[in-house]
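Labels below follow one simple rule: chain letters A, B, ... track the order of the sequence lines, proteins then strands, and each chain is numbered from 1.
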Protein chains: 2
Amino acid sequence: MRNPRQGRPNRVTISDVGAAAGVSASTVSRVLNGTTKVDPSLAARVHDAVRQLGYRPNAAAQGLARGEWGTIGVLVPDLANPYFPEVLKAVSAVARSHGRRVMVMESDEDPSIEHDLVEDLMRSCDGVLLCSPRMGRADLVVLTARDHPLVLLDRIVPGLAAPAISADFFGGMMLICGHLAQLGHRQVAYLSGPEVSWANAERIRALEAAKAFGLSVTILPCGSTSSCGYAAAAEVAGTGATALTTYNDLVALGAVTRMRELGVRVPEELSVVGFDDIALDHVAHTGLTTVSTPRGQLGRQAAEMLETLMTERHDGEPVYLPMELHVRDSTAPPRVTREPAE
Amino acid sequence: MRNPRQGRPNRVTISDVGAAAGVSASTVSRVLNGTTKVDPSLAARVHDAVRQLGYRPNAAAQGLARGEWGTIGVLVPDLANPYFPEVLKAVSAVARSHGRRVMVMESDEDPSIEHDLVEDLMRSCDGVLLCSPRMGRADLVVLTARDHPLVLLDRIVPGLAAPAISADFFGGMMLICGHLAQLGHRQVAYLSGPEVSWANAERIRALEAAKAFGLSVTILPCGSTSSCGYAAAAEVAGTGATALTTYNDLVALGAVTRMRELGVRVPEELSVVGFDDIALDHVAHTGLTTVSTPRGQLGRQAAEMLETLMTERHDGEPVYLPMELHVRDSTAPPRVTREPAE
DNA sequence: CTGTTAGCGCTTTCAC
DNA sequence: GTGAAAGCGCTAACAG
């Protein structure tokens, strides 16, 4: 019952093709890669042989010989987060335009395997795009010291030997705070994202800064999913907040759902703001006020940075991409404006 | 400004390690792979050298020498569809348990590049999982004839030289029809998925079969996203349908949103049924009646089939995984039961 | 233009 | 146990 070719698929090699076409392996290679002019009649014979034998070049052998894989690797924490597919599409487009394919790996938010995955990616890709909000700084230092093209996505860590690009989370949250303050809100709650997430820290940093404008902020531990938001929403009432900010749109939507169930009207009794502007168009029946992450540009530019790094081997300054405020239906002036004085 | 190592990162080779440790390359290999007993003191020296030099084996060279990549490839049409991340997580878990990593590629619903991507995957993976609802039969035949481990996901095509596994879409839609019929519905509309999709054809096949039970079905062209559902929803009124079935949950949710805007009450005036049971928990405020795809099991079992195929080189019968009906709040008896007679 | 000759970095007999 | 040598399949000088 066992197939004789067991364990070694695609056994037809470039020499087989050469033999079949009556030429040398190098000629086959030349025809296939178009590196040198080849006699048209020979080329035709080669193509025939390729087709007949179903020959496909072995990627490992090519990689070895060329010293290049023709591939870039991307590590993302969680494919289920709608944030990433959009980034990935942009990355793929850029990569393809440079003749490279994209290999995606998911760490599933598990920091313990993340390091290994990156190493794997480095061993089999020309460059890697690393999106790892929670990896410890120590690991990051080790990885970026590897002298392998690597760009950091949505995480800026000073002093690392790798270029980085990120949405300006701090600026985005400032936009939100400004909007809320201008509506007259003073007491704000924040449903916090993952503890050790850099992106979350940036949001909190902005919240802190906003205190200078008279905003008083209560931070509630939460998470990054709609279920987290749903679960944590009940806590908000106790804080006396008239407005709720969140780690992301998913959390916000979860919170809105819960608020509805609790009989709290949004935005009349409580303003709710998201983050990321994930297009859940026509799914969530809430026009959520939020800030948008430029995911396409993020992916595009990150990929370009990596490409530059791979060919020219020098990096630049970290870049922050601005976010944009979208005021929709989930924010309004507070019902009763409380005096800032306690 | 140019880095001297330009174009060739990771230049430290196994021989470098050997030299540093005062042993041969073969010994280093043996230590690293644990293939043979090696003197502990030598092993220690090797490990030190590895650490010192930051050595990482070159994946291409390993692949070439071993005739194995230690990788399986997965091609999915669209990562933005929440359906796939769940499948992928299951696939990854299985692959990892077999010591293989997973490389994901997205075809972005573009059939023209899909074939190439699969070929790429075949050239650099030990096996591939292909999820391609729209690829033409001809391409499929070519690909599956390649004598390279390949399993088809969510698509059963008779006569192909590759094992296949799929959710039982036909059965799922039958469940829905049964539910609707028992509620008393007679006129049903269907918001159809992508034209050439096999999964869509299966659903339609079930709808046709349901006619035997007195259901009369109008098929409306639509698509697979919530926006499509939103856009197509207006057409439903004209069909006289009392119940609406859809290609998937996203479409259903989009339709529900539109219905609300149009003042059509769900389920009182129109029952709506989804497909897939994508957990948009706490995001959509609709308890959508739907059937669930066993995504985890699908991924798990597909990965196992592939693993078997890679090691034992023989395939089995196509397998259909049953779907399950979840009756929630979006379906109810029709307001006025029309007589089947015209 | 085309064939021959060396490797790319690693694993794996094969001798010692 | 360990080293030397051959070879995985391909590309890239190098000669003709």
Review item, side-chain donor-acceptor pairs of residues 88-96 of chain B, under 3.5 Å, at least two apart:
unit_1  : atom_1 : unit_2   : atom_2 : d
B:Lys89 : NZ     : A:Asp78  : OD1    : 2.8
B:Lys89 : NZ     : A:Glu106 : OE2    : 2.3
B:Lys89 : NZ     : A:Asp108 : OD1    : 3.2
B:Ser92 : OG     : B:Leu88  : O      : 3.0

Interatomic distance, [X] [atom1] vs [N] [atom2] [rounded to whole Å]:
X: A:Asn58; N: D:dC8; atom1: CG; atom2: P; result: 12 Å
X: A:Glu68; N: D:dA12; atom1: CD; atom2: C1'; result: 14 Å
X: B:Asp16; N: C:dC10; atom1: CG; atom2: C1'; result: 13 Å
X: A:Leu42; N: C:dT2; atom1: CG; atom2: P; result: 4 Å
X: B:Trp69; N: C:dC10; atom1: CH2; atom2: P; result: 17 Å

Task: Non-hydrogen side-chain atoms of B:Cys125 and B:Met103 separated by less than 4.5 Å - done: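 Of all side-chain heavy-atom pairs linking B:Met103 with B:Cys125, at least one is under 4.5 Å.
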Task: Set of residues satisfying side chain to side chain contact (heavy atoms under 4.5 Å, CB included) with respect to B:Ser29, sequence neighbours excluded - done: B:Ile14, B:Asn33
Open item on the list: Tell me every residue that passes side chain to side chain contact (heavy atoms under 4.5 Å, CB included) with B:Gln52, counting only those two or more places apart in sequence or in another chain.
Closed with: none
Which side-chain N or O atoms in residues 36-44 of chain A pair as donor and acceptor under 3.5 Å with protein atoms at least two apart or in another chain?
unit_1  : atom_1 : unit_2  : atom_2 : d
A:Asp39 : OD1    : A:Ser41 : N      : 2.8
A:Asp39 : OD1    : A:Ser41 : OG     : 2.6

- [ ] Let me have a per-nucleotide readout for nucleotides 11-16 of chain C, 5' to 3', with B, S or -, counting only protein heavy atoms under 4.0 Å.
- [x] SBB---
- [ ] Sequence neighbours left out, what passes salt bridge (Lys or Arg N to Asp or Glu O under 4.0 Å) with B:Glu86? Give chain and number order.
- [x] B:Arg295
